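Quantities reported herein were computed from a predicted structural model and do not represent experimental measurements.
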Amino acid sequence: MSEQVTTTARPLPGAPVAEAVYAEVTDRVAALRAAGTVPALATVLVGDDPASAGYIRMKQQRAADLGFASPHLHLPADASTADLAAAIDSLNADPAVHAILVQHPIPAHLDYARALLRIDPAKDVDGLHPTSLGRLAAGLPGPVPCTPAGIEALLAFHGVPVAGRDVVVLGRGTTLGRPLAMLLAQKRATADAAVTVVHSGVPDWARHTRRADIVIAAVGVPGILCPEHIRPGAVVVGGGVRYEGRRLLPDVDEACEAVAGAITPRVGGVGPTTVAMLFRNAVELAEQATHP
Ligand SMILES: NC(=O)c1ccc[n+]([C@@H]2O[C@H](COP(=O)([O-])OP(=O)(O)OC[C@H]3O[C@@H](n4cnc5c(N)ncnc54)[C@H](OP(=O)(O)O)[C@@H]3O)[C@@H](O)[C@H]2O)c1
């Protein structure tokens, strides 16, 4: 294979994937409503971080557009661990609430992992409760973490073959890399991959990414994945990002676009599919609560 690459990679945008998911969710919400259930996704915001407040507004608007109820609890920035636990408990106990989202990040004096543990697994819309991750590991149905689920859907939507191919996931975090590796190794037409996970404990990780058919960056270190780390023609998915103020800094160096065969755009790739999967999980939890 030639190292001389002049082509520009095919873009893999997330928006059309998200629209397809929203169309399916709209139908499922309508069916629930017709049967007398208004699906409800509750949101919890702690503090006044403008970016987090913006994400909550965006999700509430989307919830309204799709036909969900979206009760909201806003706790002050100095809320205690007990205050947050009480808020989550009240939503756990409310039969009209089917899904609970605690907006990340929460103030530093609070423990996000502990808050996630407090959520009733039957209302775990992020799919990050240990019970949900355990179900994923066991191959049982349940809410799947949104970003990994969105990446599987994105590859399938754009016709990128995954089954039988070498996928290398850079990063083993609980939100992204680890559940994604489990998901893409599952026995299913849109998965079934030979998955390798590399991380900071594998200093020569490029040895693995360079032979991969599909490389998925899930780190949060801007520009960590460069052209010399990928095989010409490989499919590249950028999942990891870091925010500096409002500026989004992706893991994937822009120059990869000249080497990859297909690549997610720097903005509008994995993000829209993540939000869409949140609503797919929410409608699924409402269906489960109604027809367990
Ligand atoms: N686009 C979206 O909608 C979306 C949604 C969720 C998450 N994300 C992003 O995805 C990224 C990962 O999230 P996460 O929660 O899974 O993160 P995380 O828990 O911080 O995991 C990061 C992983 O990257 C590895 N890593 C860090 N520096 C490295 C280096 N220099 N070389 C090789 N590996 C390195 C870490 O290795 P060790 O395990 O050895 O420490 C760890 O496995 C973050 O940027 C997050 O913002 C995006």
Side-chain angles (χ1 to χ4, degrees), residues 1 3-18 51 145-162 165-181 183-184 193-277:
M1 196 173 294
E3 293 293 319
Q4 200 79 48
V5 179
T6 50
T7 51
T8 299
R10 174 167 75 98
L12 304 172
V17 191
C146 299
T147 309
I151 290 173
E152 183 182 349
L154 183 136
L155 292 169
F157 180 93
H158 289 292
V160 175
V162 173
R165 300 183 88 204
D166 280 330
V167 174
V168 174
V169 179
L170 177 56
R172 59 179 163 189
T174 319
T175 328
L176 186 45
R178 193 175 309 189
L180 178 64
L183 197 63
L184 293 185
V195 182
T196 304
V197 184
V198 292
H199 40 73
S200 70
V202 184
D204 59 345
W205 53 259
R207 184 164 63 84
H208 299 276
T209 55
R210 267 197 293 269
R211 62 157 177 75
D213 299 309
I214 302 172
V215 181
I216 304 173
V219 180
V221 172
I224 189 169
L225 190 75
C226 300
E228 62 269 30
H229 301 143
I230 59 173
R231 182 173 65 70
V235 173
V236 174
V237 175
V241 289
R242 182 186 294 165
Y243 281 92
E244 271 183 20
R246 299 194 84 100
R247 228 173 119 228
L248 181 148
L249 304 172
D251 280 358
V252 178
D253 187 285
E254 202 166 2
C256 289
E257 288 171 16
V259 179
I263 193 165
T264 50
R266 295 172 69 70
V267 177
V270 167
T273 65
T274 296
V275 183
M277 289 303 162

Between Arg242 and Asp251 (salt bridge meaning N to carboxylate O under 4.0 Å), is one present in this structure? no
Which atoms form the tightest heavy-atom contact between [X] and [Y], and what is the distance?
X	Y	answer
Arg266	Pro250	NH2-CD, 3.5 Å
Pro179	Pro145	CB-CG, 3.7 Å
Leu154	Gly14	CD1-CA, 3.9 Å
Pro227	Ala255	CG-CB, 3.5 Å
Ala9	Ile263	CB-CG2, 3.6 Å
Pro161	Ile214	O-CD1, 3.6 Å

Carefully, step by step, assess Val168 and Arg211 under the rule side-chain contact (heavy atoms from CB on, under 4.5 Å). CA-CA 9 Å; Val168 174; Arg211 62 157 177 75; 4.2 Å; yes
Side-chain heavy atoms of [X] within contact of [Y], under 4.5 Å:
X	Y	value
Glu257	Val252	no
Leu176	Ile151	yes
Thr196	Trp205	no
His158	Val17	yes
Arg231	Asp213	yes

Under the 3.5 angstrom rule, does the side chain of [X] hit a backbone N or O of [Y] as a donor-acceptor pair?
X	Y	result
Thr147	Thr274	no
His229	Cys226	yes
Arg210	Glu228	yes

Test applied, side chain to side chain contact (heavy atoms under 4.5 Å, CB included); reference residue, Pro148; option that passes from Thr175, Leu184, Leu180: Leu180
Of Ile216, Val202, Ile224, the residue whose pairing with Leu170 passes side chain to side chain contact (heavy atoms under 4.5 Å, CB included): Ile224
Ile230 side, atom CD1; Asp253 side, atom CG - distance, nearest 0.5 Å: 9.5 Å
side-chain contact (heavy atoms from CB on, under 4.5 Å) evaluation trace for Val160 with Arg165: CA-CA 10 Å; Val160 175; Arg165 300 183 88 204; 4.2 Å; yes
